[in-house]
Amino acid sequence: MKNCSPWLQCPQINTEVRKLKLIDQGAVKKVYLAEWRGQKVALSKLSSPEYLEDFLHGLSMLKGLQGPQVVQLVGFCLEDHSIVTEYHPLGSLLNLEVVLAQDRNKHHNTWQVRLRLAMDYVSILRYLHNSPAGCRVMCDSNSLEKTLSQFLLTADLHLVVNDLDALPEVDSSRGLLAKCGHRELTGDFVAPEQLWPFSKEGKLFSDELMPGYDERTDIWKIPDVTQFLMGRVPGGDLVHFHLFQIHEECKRVDPRLRPSALDVLKVYKSVYASMVRDNAGFRDML
């Protein structure tokens with residue numbers, strides 16, 4: 001979708017955007033497939049007044065972070081809590097296996113395409129951690145499924161981040177830390193510093209006593225997301241072998257010892273380039 005006009009405002013949204021059908025629903029938003037001047041768009045409406053703050057935060061982030069790695073904002077109306085964004089028919093990253101299994105996409109089901117998606121993912125983290133709106137943490141990422149749902153697959157099989165309702169700012173130098181929600185987090189997917197540190201002592205969870213954390217929680221999750229993205233394709237095992245060391249570093253318990261998203265991205269790009277080169281050399285030998 002070409003970005004060549006100002007953002008739509010309430011009058012245009014109310015008269016020119018035609019709602020077609022509900023395609024997704026979460027705690028904060030209901031998302032509809034809609035049409036505007038012959039183009040398909042996504043129309044998001046506030047689900048419940050209690051989540052107005054999250055909705056407005058998401059809109060603020062959409063406006064402030066517009067760029068090639070973020071879903072394109074088409075317009076918004078604060079009066080009736082509507083946001084219009086570019087529509088991506090392939091849906092969220094949760095659909096990856098289904099999309100790549102389709103006949104028209106089977107030739108894309110390769111380690112190259114999948115590793116490029118992983119590079120897109122890490123590149124988006126790098127952008128969020130160094131964004132025009134400061135260092136932002138992806139808080140809607142307490143499970144693999146929830147993390148994948150934050151990203152949309154584009155028609156050319158790249159990624160854009162879509163759900164920006166929970167992106168708190170962090171800055172360790174200013175003592176500005178985040179806490180993702182007010183409830184206790186559990187499981188292996190979240191970083192160790194996101195877990196209640198006093199459970200072994202039998203203390204009940206307290207939001208007030210729970211320490212904050214920074215963007216390095218996102219780094220901890222990279223290996224698990226990449227494991228999903230790579231799937232089971234020829235060459236995938238070799239990719240995992242080459243990424244083993246950097247993924248070990250991502251999983252360091254002390255967050256201060258983890259690499260930055262840029263460090264990870266450099267390794268991913270290096271592995272991709274060397275494997276493409278090796279593949280070309282192998283073909284030349286045949």
Side-chain angles (χ1 to χ4, degrees), residues 1 3 5-36 39-67 69-88 91-94 124-125 127-129 131-143 145-153 159-170 176-183 185 207 212 215 217-218:
M1 191 170 186
N3 187 9
S5 59
W7 289 329
L8 302 183
Q9 300 297 320
C10 296
Q12 296 112 310
I13 292 174
N14 292 331
T15 58
E16 297 179 19
V17 176
R18 186 166 61 95
K19 192 190 299 181
L20 299 176
K21 64 175 181 178
L22 182 70
I23 53 175
D24 195 15
Q25 182 170 358
V28 179
K29 299 187 296 279
K30 291 180 180 176
V31 184
Y32 298 88
L33 173 62
E35 195 173 51
W36 171 65
Q39 295 189 81
K40 297 286 195 297
V41 292
L43 173 66
S44 300
K45 307 279 282 186
L46 178 66
S47 284
S48 168
E50 67 181 295
Y51 291 108
L52 177 59
E53 189 178 337
D54 301 84
F55 184 86
L56 295 177
H57 174 78
L59 174 59
S60 171
M61 291 293 98
L62 260 182
K63 290 160 65 178
L65 299 177
Q66 281 296 286
Q69 294 170 306
V70 176
V71 72
Q72 185 184 333
L73 178 63
V74 178
F76 59 91
C77 177
L78 294 178
E79 291 171 15
D80 62 359
H81 307 121
S82 301
I83 300 173
V84 182
T85 52
E86 183 176 12
Y87 173 64
H88 291 278
S92 85
L93 196 45
L94 283 166
I124 289 169
L125 289 184
Y127 176 62
L128 294 178
H129 294 173
S131 86
C135 180
R136 298 286 169 167
V137 181
M138 293 200 76
C139 261
D140 265 347
S141 61
N142 296 334
S143 69
E145 292 74 19
K146 187 64 176 170
T147 303
L148 297 172
S149 72
Q150 310 301 299
F151 299 88
L152 294 176
L153 274 168
L159 294 184
V160 289
V161 64
N162 177 53
D163 197 334
L164 306 175
D165 298 337
L167 282 185
E169 184 181 7
V170 295
L176 184 62
L177 299 173
K179 284 191 277 189
C180 294
H182 303 288
R183 298 178 181 177
L185 301 179
D207 185 37
E215 77 280 5
T217 56
D218 289 336

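This one's a predicted model, so the numbers in the text were calculated from it and none came from an experiment. Basis for what follows: all heavy atoms, side chains included, without hydrogens, waters or symmetry-related copies.
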Does Lys29 pair with Asp54 as a salt bridge, N-O distance under 4.0 Å?
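No.
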Note, [X] side chain near [Y] side chain (heavy atom, < 4.5 Å):
X: Met138; Y: Thr147; value: no
X: Leu43; Y: Ser82; value: yes
X: Asp218; Y: Leu128; value: no
X: Cys135; Y: His129; value: yes
X: Tyr127; Y: Pro132; value: yes
X: Leu159; Y: Leu153; value: yes
X: Asp163; Y: Val28; value: no
X: Leu62; Y: Phe76; value: no

Test side-chain contact (heavy atoms from CB on, under 4.5 Å) applied to Lys179 - qualifying residues, sequence neighbours left out
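Counting only residues at least two positions away or on another chain, Lys179 forms a side-chain contact (heavy atoms from CB on, under 4.5 Å) with Asp207, Met210, Tyr213.
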Donor-acceptor pair, distance only, cut-off 3.5 Å: does the side chain of [X] make one with the backbone of [Y]?
X: Ser48; Y: Tyr51; result: no
X: Ser44; Y: Val31; result: no
X: Tyr32; Y: Lys45; result: no
X: Asp24; Y: Gly26; result: no
X: Gln39; Y: Trp36; result: no
X: Gln66; Y: Leu73; result: yes

Once you round to the nearest 0.5 Å, how far does [atom1] of [X] lie from [atom2] of [Y]?
X: Leu65; Y: Ser131; atom1: CG; atom2: OG; value: 4.5 Å
X: Gln72; Y: His88; atom1: CD; atom2: NE2; value: 8.0 Å
X: Leu177; Y: Thr217; atom1: CG; atom2: OG1; value: 10.5 Å
X: Leu33; Y: Ile23; atom1: CG; atom2: CD1; value: 5.5 Å
X: Leu94; Y: Gln150; atom1: CG; atom2: CD; value: 9.5 Å
X: Ser141; Y: Leu148; atom1: OG; atom2: CG; value: 10.5 Å

Stepwise side chain to side chain contact (heavy atoms under 4.5 Å, CB included) test for Glu35 and Lys40:
CA-CA 5 Å; Glu35 195 173 51; Lys40 297 286 195 297; 4.0 Å; yes
Which atom of Lys146 lies closest to which atom of Ser143, heavy atoms considered
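Scanning both residues completely, I find the closest heavy atoms to be N-OG, 3.1 Å.
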Val17 versus Ala34, closest heavy-atom pair with distance:
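It is CG1-CB, 3.8 Å.
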